[in-house]
Number of protein chains: 2
Amino acid sequence: MSVDKKEHIMNVAVALFAEKGFEGTSIRDLAHEADVNIAMINYYFGSKENLFVTLLEAKARFMREKIDAVQNDPSLSELEKINQIIDGYINRFLSQPAFHRVLQQELLVTNREMLHQNVISLFIKNTQDVVAIIEKGVRKKVFKKVDPQLLFASIIGTINQVMLSRNMCNILMNNDAQADPYQNPELKTRLTKHIKQMVQDHLLIQPALQKKK
Amino acid sequence: MSVDKKEHIMNVAVALFAEKGFEGTSIRDLAHEADVNIAMINYYFGSKENLFVTLLEAKARFMREKIDAVQNDPSLSELEKINQIIDGYINRFLSQPAFHRVLQQELLVTNREMLHQNVISLFIKNTQDVVAIIEKGVRKKVFKKVDPQLLFASIIGTINQVMLSRNMCNILMNNDAQADPYQNPELKTRLTKHIKQMVQDHLLIQPALQKKK
DNA sequence: TTGAATTAAACAAACGTTTAATTAACTTTT
DNA sequence: AAAAGTTAATTAAACGTTTGTTTAATTCAA
């Protein structure tokens, strides 16, 4: 019963933080939206900031699995690994747009230093892993000599750009303004196809291979 | 005297909003940091929200020039136009990191609807123009059949990704943690080279042309 | 002397948090 | 199995701050 309620509060909190930001969301808002007493939030989480940290830690665990699995699979070529990582990111980001929004906000705002560092450390490991895969491909001469860090930035940045604003995404996708683009399976299809094609064009030495679709 | 002071307040406001967010910055903070009386902010701008709008409108004017100029230049090829637009975005974003951060925050937070719409409308026109250039290149068969909207998202998204967090950018660039990466000319060089190369690889039909560096 | 610029002080409202009292849910004792 | 005891969950109310904004008085410049 108590665990359910805690989780319920956290889910409402993600939605509100995503919409209004951390500072913009009051505990009274949150309590009202979650239909619990104001005091319950401090009772469960100690403080508003602690609720945020708890929330981050709980959700962030699900973020590392894919890359770990891909990295240690010897049967995959470097390009296949990159492609699977692209799939992984698209799936993860699109399936939790509210949480993703909260993370992005925390990256942009630098005055809550501890939270900021927490979020950044989530990204560092992933960056290093992906960069390592690209560099291996370059050494093997299956990839051109690219800028691995910035190519990673392009992959993530493309998805992030689409996730920046529901409104802007609808304009990009030619949807009507009220729609939720992240529920639309076409977005995932287009995103996946575009990013993979772009990365492949940029990485592969023999363009002939590209035709083997 | 009064114009100088107004501008001074706006400059301090951009810096504070960028660091702490709009809700996270109090008028007292701002007044103290700008070394003016608390009442002066409402005296000049009417309200905190109005200060924000004024700030947006004042800074956003500088954002449209480049694309307008490029778009109507008949001497440029489509690829040259794209390349110049890439230069334009990189220069603009890197030269005003604080303001850029404020814009991004406003895109992520959706509860101040009017401001949100204001920021979005800045991007729409640019998106449409760039998409039109790409589509023209595709019709002329100098470009492959790409996804113009998402390619634009990749260009902007790559720069945005690097601008997300000073801290994360330093990790990407192998700088020490305290440095200001946006002052480092190497970032601009790397970004420009990477994005242009990637876009070119993705767009151009004849890969032989790429070697003509 | 008139109007704008500037100030310190005060305003109500909203903020995160805490308190003290009450209810609910188990444990232990009889 | 009922009663007593114990801990946890929940509540309304209040706490002291801080918030954005306004007022009324004062200084400054033309």
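All values below were derived from every heavy atom in this structure, side-chain atoms included, with hydrogens, water molecules and symmetry-related copies excluded. Just so it is clear, the model here is predicted, and its values are computed rather than measured. Residue numbering restarts at 1 for every chain, and letters A, B, ... go by the order of the sequence lines.
Not a single ring pair (Phe, Tyr, Trp, His ring centres under 6.0 Å) links A:H116 to another residue, sequence neighbours left out. The salt bridge (Lys or Arg N to Asp or Glu O under 4.0 Å) check on A:D73 picks up nothing, with sequence neighbours excluded. In terms of the ring pair (Phe, Tyr, Trp, His ring centres under 6.0 Å) criterion, residue partners of A:F52 (sequence neighbours excluded) are, by chain and number, A:F17, A:F22.
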Walk along nucleotides 9-21 of chain C from 5' to 3' and tag each nucleotide B, S or - by protein heavy-atom contact under 4.0 Å, base first, then sugar-phosphate.
-B----BBBBB--
Salt bridge (charged side-chain N to carboxylate O under 4.0 Å, His left out) between B:D147 and A:K193, intermediate numbers included
CA-CA 9 Å; B:D147 190 320; A:K193 191 181 166 195; over 6 Å; no
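With hydrogens and angles left out, the side-chain atoms of B:Y89 and B:N126 include a donor and acceptor closer than 3.5 Å.
A cation-pi contact, defined as under 6.0 Å to the ring centre and within 45° of the axis, links B:K6 to B:F45.
Straight-line distance from the NE2 atom of B:H32 to the C1' atom of C:dT6: 17 Å, rounded to whole Å. Separating the CE atom of B:M40 from the P atom of C:dA8 is a distance of 12 Å, rounded to the nearest angstrom. Atom CG of B:D35 is separated from atom C1' of C:dT7 by 13 Å (rounded to the nearest Å). One atom, CD1 of A:I41, and another, P of D:dA12, lie 14 Å apart when rounded to the nearest Å. As a whole-Å value, the separation of B:Y44 OH from D:dT21 P is 17 Å.
Applying the salt bridge (charged side-chain N to carboxylate O under 4.0 Å, His left out) test to every pair with at least one member in residues 94-106 of chain A, sequence neighbours left out, gives these pairs: A:E106-A:R112.
Partner of B:L151 under the side chain to side chain contact (heavy atoms under 4.5 Å, CB included) criterion, chosen from B:I156, B:V131, B:I134: B:I134.
For DNA chain D, no neighbouring residue in residues 12-20 of chain B is found when judged by any heavy atom under 4.0 Å.
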